[in-house]
There are 2 protein chains.
Amino acid sequence: MSAPHTGRRGSYAKGLAKREEILTRALDVISHEGYAGASVKAIAEAVGLSQAGLLHYFDSKEELFTEVLRKRDEVDALSRASGPDEPSLGRMRAEFIALVRHNTDVPGLVQLFSRLAADATDPAHPAHEFFLDRSARLREVLGAAVARAQGDGRLRDGIEPATLARMVQALADGMQLQWLVDPTVDMIGPVEALFALLEPPPPGEPDADQRSGATEA
Amino acid sequence: MSAPHTGRRGSYAKGLAKREEILTRALDVISHEGYAGASVKAIAEAVGLSQAGLLHYFDSKEELFTEVLRKRDEVDALSRASGPDEPSLGRMRAEFIALVRHNTDVPGLVQLFSRLAADATDPAHPAHEFFLDRSARLREVLGAAVARAQGDGRLRDGIEPATLARMVQALADGMQLQWLVDPTVDMIGPVEALFALLEPPPPGEPDADQRSGATEA
DNA sequence: GTCTATACTCGGATAGAC
DNA sequence: GTCTATCCGAGTATAGAC
């Protein structure tokens, strides 16, 4: 109970630095070599420590993995403060898609995320707050951009921004699952399709005629 | 290796019957009393057996839980053959929504599903095939209904039926996660919103005017 | 302050008695 | 067919070497 653990305390920088080093390394390993129900021991070895040695820096397996995900967000700068405070929907859309595309390269991380997200569903789970906060933040940014776009008429009207934000998030999470089960599926198409669906109808031309040949019924 | 296990073999009906009884009971318990990282032992007790006694009927914990989910599908008749072979999209939509609504009453099952789905993402997981099949089946039915509806002009055009099917499924799965994390969220709204988005634009009247007051930017 | 060794606990799996 | 007993592996806690 006196160790650097949470990073909140003590630790004359060495501890913190080491912790960061571990996280970076773990992130790297999981990203590239995958996460197959990775045990603490497996990560410890990949990082060059014993199991107990690794756990010296983290309270538990759950905390470790949560911090790995937090580190990932940091790196990906999902909650990136870069650019304007209130990015346009177009920009959000582009960034969101880019992120989904990027995830394609790090299946291990995506799996870790999905697994932990499902487990952290339980309010007693140490990562519960993390996911609660993280997803609320995402929806906030998304929702705000949507509201502004609706105000400008750049976005189909009649759906609550908050609902829309949930939809985008849910769709992306769901597509991750589908992609993990079968890596040949395209995570991006459906996400882009949703955004496309949201574009306002061109205000004058009914678009009920560009019928594709996709229907064979 | 000689037990009734998979139901494929042996089992002078007693074994099978008992197995079904166990599944029904387990389904009931998980549905109503929830699934909090339920152990085999917990289920065994709920069913009135010892841990080993329960495992006599199933190869492993994973197999047990997979079968519980299979039983659930059976009961919910998700892949219900009732009614016409090729239900209309409207009917599919109504049934789908009803199912989502029903899930609201069985959080334990939803959690079990979400957890196992994430775990079964790994090709080596015993439930991998189950989820692969199950979700392919759902998308098939959904996709077919979509294709027919598009053919009739009852559905917005320009999206592949297969893509649309994935979207609906992903959205629903993602909303389950959001609802599990925070049971006050509405799983249904976003799903209905997606279906609404798919309705074809009224062919003549541009609908860019029913602006709501939801935007404060 | 950092880490290894070790020991404890718990859940799932398996063998064998009844 | 069901139990008891046992095993095993993973996660966790602690003592103490360095």
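Hydrogens, waters and symmetry mates play no part in the numbers below; they use all other heavy atoms, side chains included.
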Asks: Please determine if a side-chain N or O atom of A:Ser50 lies less than 4.0 Å away from the OP1 or OP2 oxygen of C:dT4.
Replies: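 Yes, such a contact exists.
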
Asks: Can you tell me the distance, in whole Å, between the CG atom of A:Asp119 and the P atom of D:dA10?
Replies: 17 Å

Asks: Tell me if the centroids of the rings in B:Phe58 and B:Phe65 come within less than 6.0 Å of each other.
Replies: no

Asks: Expressed in angstrom and rounded to an integer, what is the separation of A:His125 atom NE2 from D:dG11 atom P?
Replies: 12 Å

Asks: Atom CZ of A:Phe58 and atom C1' of D:dA13: how far apart are they, to the nearest Å?
Replies: 18 Å

Asks: Would you call A:Arg25 and A:Val29 a side-chain contact if the rule is heavy atoms closer than 4.5 Å?
Replies: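 Answer yes - side chains close enough.
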
Asks: Nearest 0.5 Å please: distance from the CE atom of A:Met167 over to the CE atom of B:Met167.
Replies: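 These two atoms lie 7.5 Å from each other.
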
Asks: Let me know the distance between CG of A:Leu54 and P of C:dC3, rounded to the nearest Å.
Replies: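 Result: 10 Å.
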
Asks: Let's see if you can work this out: which of C:dC3, D:dG1, D:dT4 has an atom nearest to the side-chain heavy atoms of A:Lys18?
Replies: C:dC3

Asks: Whole angstrom is fine here: how far is it from NE2 in A:His56 over to P in C:dT2?
Replies: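 Value for this atom pair: 5 Å.
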
Asks: Please list all pairs meeting salt bridge (charged side-chain N to carboxylate O under 4.0 Å, His left out) that have one or both residues in residues 119-133 of chain B, counting only residues at least two apart or in different chains.
Replies: A:Arg115-B:Asp119

Asks: Is there any salt bridge (charged side-chain N to carboxylate O under 4.0 Å, His left out) pair reaching into residues 38-58 of chain B, and which pairs are they, with sequence neighbours excluded?
Replies: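 Residue pairs with at least one partner in residues 38-58 of chain B: B:Lys41-B:Glu45.
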
Asks: Working note: A:Trp179 + A:Met175, criterion side chain to side chain contact (heavy atoms under 4.5 Å, CB included); need CA distance, chi angles, decisive distance, verdict.
Replies: CA-CA 6 Å; A:Trp179 173 71; A:Met175 283 312 303; 5.9 Å; no

Asks: Among all residues two or more places apart in sequence or in another chain, which pass the side-chain contact (heavy atoms from CB on, under 4.5 Å) test with A:Glu140?
Replies: none

Asks: Check this for me, if you would: do B:Arg70 and B:Glu74 make a salt bridge, where the nitrogen-to-carboxylate-oxygen distance has to be below 4.0 angstrom?
Replies: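 No salt bridge links B:Arg70 with B:Glu74.
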
Asks: Taking protein heavy atoms under 4.0 Å as touching, what does nucleotides 12-18 of chain C look like 5' to 3' if B marks base contact, S marks sugar-phosphate-only contact and - marks none?
Replies: BBB----

Asks: Does B:Glu20 have any salt bridge (charged side-chain N to carboxylate O under 4.0 Å, His left out) partners at least two apart in sequence or in another chain, and if so, which?
Replies: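 For B:Glu20 the salt bridge (charged side-chain N to carboxylate O under 4.0 Å, His left out) partners, ignoring immediate neighbours, are B:Lys71.
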
Asks: Whole angstroms only, please: what is the CD-C1' distance between A:Glu45 and C:dC3?
Replies: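 That distance rounds to 15 Å.
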
Asks: Given axes from five pairs at either end, by how many degrees does the helix from C:dG1-D:dC18 to C:dC18-D:dG1 bend, rounded to 10°?
Replies: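 It works out to 10° between the end axes.
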
